[in-house]
Structures are given as structure tokens and as C-alpha cells.
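The chain is numbered in sequence order, starting from 1.
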Amino acid sequence: MDERKKVRVTINQDDSKDHRSHDLEKVLTPKSKGIHNFSGKKKFSVTILRAVILAVALGTLFGFAMMYFFDLSTDQTPVGTPVETIGTQDDDDGEEGSNGGTSDQGDSTVFQTDLSTHEVIQLGVFSSEQNARELQLHLDFVPSVVTEDNGQYVLLTSLLKSSSVEEEVMNYFESNGLERNEDYISKTWTFSSEEVEVPDGVYEWLNHGEELIHETELNGEWRDRVEDWLSQLPNHYSDHNYLDEAINIITGQPSNESEQLLQNQTLLLAIYLFYDAI
């Protein structure tokens, strides 16, 4: 009996120790750190995500606000708005011509030239304007005009409306050593009649000039009236070759009646060429 009890006691003691050891292990064994770390990382990630979303939202809101601000600033000065300039040449043109003459501004009117065919004196035909100008300078005692005809440059003088005027011009040439059909020829020149729309002020000036070229008596009084007409030259024609030629001719001082006749006939020719070109 005693041996059995001893055995039982021994067995019971061993079981008790194992039991106590097992319970102690449950208490002392640390819990899994992985569980705590995962929970902390999750909370940290959610916090960062919220911060990023908030930053993106604030940045977007700020960006739209700046775009709206600059858009309003830009709209205050529209692109392509014309800027008014003061004292330009175009403004001055409406007041008076280059020599205090006729205004170019106002309503427009159709002007029609009334020209015809006349005899002129041809001094030479050239392939370049420079060559024509050289002969013009060489024949400085003969007033002349350079004009272009079918790609060639022609040096002309004297528009002849009557046989008596033609005879006087021929006599002047002969007295200065120029021979007909060798140094010059008489040629028929056709002037065109065209319609052109011009400002009312220019129309009046053109109309006055046409009245002058259709007069029959080209004397000293006529020359003075042409000079006055040229002094009122509108800016519309301030840089016209034939009018420049006319001004150069009228500034010359003739020494006798023959020279005055030749100048007046060539002045008439320059004005005809001007009306033919407008």
C-alpha cells in the first residue's frame, strides 16, 4: 500500500509540476510583436494618406484661385486693342496739303479725265530711265519730261495743239542746232480718259487743273495760275513724278518768248501725263 501511495504521489507531483510549468509559460511568454507593429503601421499609413489628400486638395484649390486671379488681371487689357497715336502724318494729311493746299479728307467723288490725242516732240527712246535722264541733262536748254511707254523710257517735250505752235517750236530747235528726224521727231501721243474715285477736296483740285490744261492761250497769266495751282498740291499727289517735272519746269526763268513758249508747252505736256497716269 505504501508503495502504491508513493507511486501515486510521485505521479501526482509530476503532473502538478507540469501543470504549473504550463500555466507559467502562458503568463511569461510574450505576446506576438507582429500583431502590435501591424496595427501601428496601419494607423501611420492612414495618417500619411490623409495628409497627402489634404495637401493635394489645398494645392488644387490654391491653383484654381491663382488662375482665376491672373485671368481677371489679363482681361483688364484685351489683346489687340488699338492704341491711339497723336500727331501722326495721317492726322496731318486731313488738315492741308504739303504746301498748305487742299485737304485730302472727306467724302469721295468720281473724277473723269477728258483727254485726247495730240502731237508731241520725241527727243529719244531708251531701255533705261538713267539713259533718258542723261540726255535730259545734256539737253538742258530744252525742257523735257521722261515717261515710260511699253517698257521703254521716252524723252518728250512740248505738247502741240496747233500748227502755229508746232512751227514756233521747230524754229527754236533749229536755232539751237537740232535737226528734225535726226535729233527729234514729231509723234502722235494718245492720252487715256479714265474714271478715278478721289476725296472731294482732291476732286476740286483736279477739276481746277483740268480747266487749266484745256485753255487755249498759254501765256504768262496762264503760267502764273498753273504755278498757283501746283502750290496747292494735295498730299494725295505729293510724290508724283510728272508733277515734280512740272514744278521743275515752272521754276525755270525763260530769257525770251521762244523759251517761254517751249516751257509752257512742256509744262502742259507734264500735266497731261499726270492726268493720264492717275
Check against side-chain contact (heavy atoms from CB on, under 4.5 Å), W189 and D149
CA-CA 10 Å; W189 198 274; D149 182 40; 3.8 Å; yes

Using the rule given for side-chain contact (heavy atoms from CB on, under 4.5 Å), can you reason through V154 versus Q122, listing the C-alpha separation, both sets of side-chain angles and the distance that settles it, and then say yes or no?
CA-CA 7 Å; V154 185; Q122 177 178 298; 3.7 Å; yes

Criterion side-chain hydrogen bond (donor to acceptor under 3.5 Å, both in side chains) on E167 and N171, from CA distance to verdict:
CA-CA 6 Å; E167 184 177 355; N171 293 334; 4.6 Å; no

For a side-chain hydrogen bond (donor to acceptor under 3.5 Å, both in side chains) check, start with the C-alpha distance between S128 and N131, then their side-chain angles and the critical distance, and finish with the verdict.
CA-CA 6 Å; S128 68; N131 292 339; 3.0 Å; yes

Hey, mind stepping through L156 and L123 against side-chain contact (heavy atoms from CB on, under 4.5 Å) and telling me if it holds?
CA-CA 6 Å; L156 301 177; L123 299 172; over 6 Å; no

Given side-chain contact (heavy atoms from CB on, under 4.5 Å), test E245 with Q136 step by step and report yes or no.
CA-CA 12 Å; E245 297 272 22; Q136 187 180 38; 3.6 Å; yes

Take Q130 and R133 through the test side-chain hydrogen bond (donor to acceptor under 3.5 Å, both in side chains) and record every step on the way to the result.
CA-CA 5 Å; Q130 181 180 357; R133 295 293 179 188; over 6 Å; no

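For residues 127-167, no residue pair satisfies the ring-ring contact (aromatic ring centres under 6.0 Å, His included) rule, not counting sequence neighbours.
To the nearest 0.5 Å, atom CG of residue L233 and atom NE2 of residue H240 are 10.0 Å apart. Between the CD atom in E259 and the CG atom in N256 there is a gap of 4.5 Å [rounded to 0.5 Å]. Distance check, rounded to the nearest 0.5 Å: OG1 of T109 to CG of D200 gives 3.5 Å. Here L262 contributes atom CG and T266 contributes atom OG1; the two are 4.5 Å apart, rounded to the nearest 0.5 Å. Rounding to the nearest 0.5 Å places CD1 of I121 at 12.0 Å from CG of D183. How far OG of S158 is from CG of L268: 9.5 Å, rounded to the nearest 0.5 Å.
Here the side chains of W205 and H236 are not in contact, with every heavy-atom distance at 4.5 Å or above. The side-chain heavy atoms of V142 and L178, taken from C-beta on, include a pair separated by under 4.5 Å. In this structure, L115 and I213 have side chains that are in contact, with non-hydrogen atoms separated by less than 4.5 Å. Residues V145 and F274 have side chains not in contact (no heavy-atom distance under 4.5 Å, counting atoms from C-beta outward). In this structure the side chain of I278 reaches within 4.5 angstrom of the side chain of L206, judged on heavy atoms. Residues W229 and H208 are in side-chain contact: their nearest non-hydrogen atoms beyond the backbone lie under 4.5 Å apart. For the pair Y242/Y272, no side-chain contact is recorded, criterion being any heavy-atom separation below 4.5 Å from C-beta on. Between M170 and R180, the closest side-chain pair of non-hydrogen atoms falls below 4.5 Å.
By the 4.0 Å N-to-carboxylate-O rule, E217 lies too far from K161 to be salt-bridged with it. At a threshold of 4.0 Å, the pair E215-R225 counts as salt-bridged, since one of the basic side-chain nitrogens sits closer than that to a carboxylate oxygen. Ion pairing of E227 with R223 is absent here, as no side-chain N (NZ or NE/NH1/NH2) approaches a carboxylate O to less than 4.0 Å.
Under the 3.5 Å distance criterion, the side-chain polar atoms of E168 are left unmatched by any main-chain donor or acceptor of S258. Between the side chain of E119 and the backbone N or O of L160 there is no donor-acceptor pair closer than 3.5 Å. The backbone N or O of L218 lies less than 3.5 Å from a partner atom in the side chain of N264, making a donor-acceptor pair.
Using the six-membered ring where Trp is involved, Y275 and F111 have ring planes that are tilted, between 30° and 60° apart.
The shortest heavy-atom contact between E129 and V146 is CG-CG1, 4.3 Å. A pairwise comparison of heavy atoms in V226 and I271 identifies CG1-CD1, 3.8 Å as the closest pair. Annotation for S193 and T113: closest pair CA-OG1, 3.2 Å, computed over non-hydrogen atoms. The heavy-atom pair separating V202 from P234 by the smallest distance is CG2-CB, 4.2 Å. Of all non-hydrogen atoms in A246 and L267, the two that sit nearest each other are O-CD1, 3.5 Å. Minimum interatomic distance between G252 and Q263 (heavy atoms only, all atoms of both residues): O-OE1, 3.4 Å.
Q253 pairs by the side-chain contact (heavy atoms from CB on, under 4.5 Å) definition with nothing, not counting sequence neighbours.
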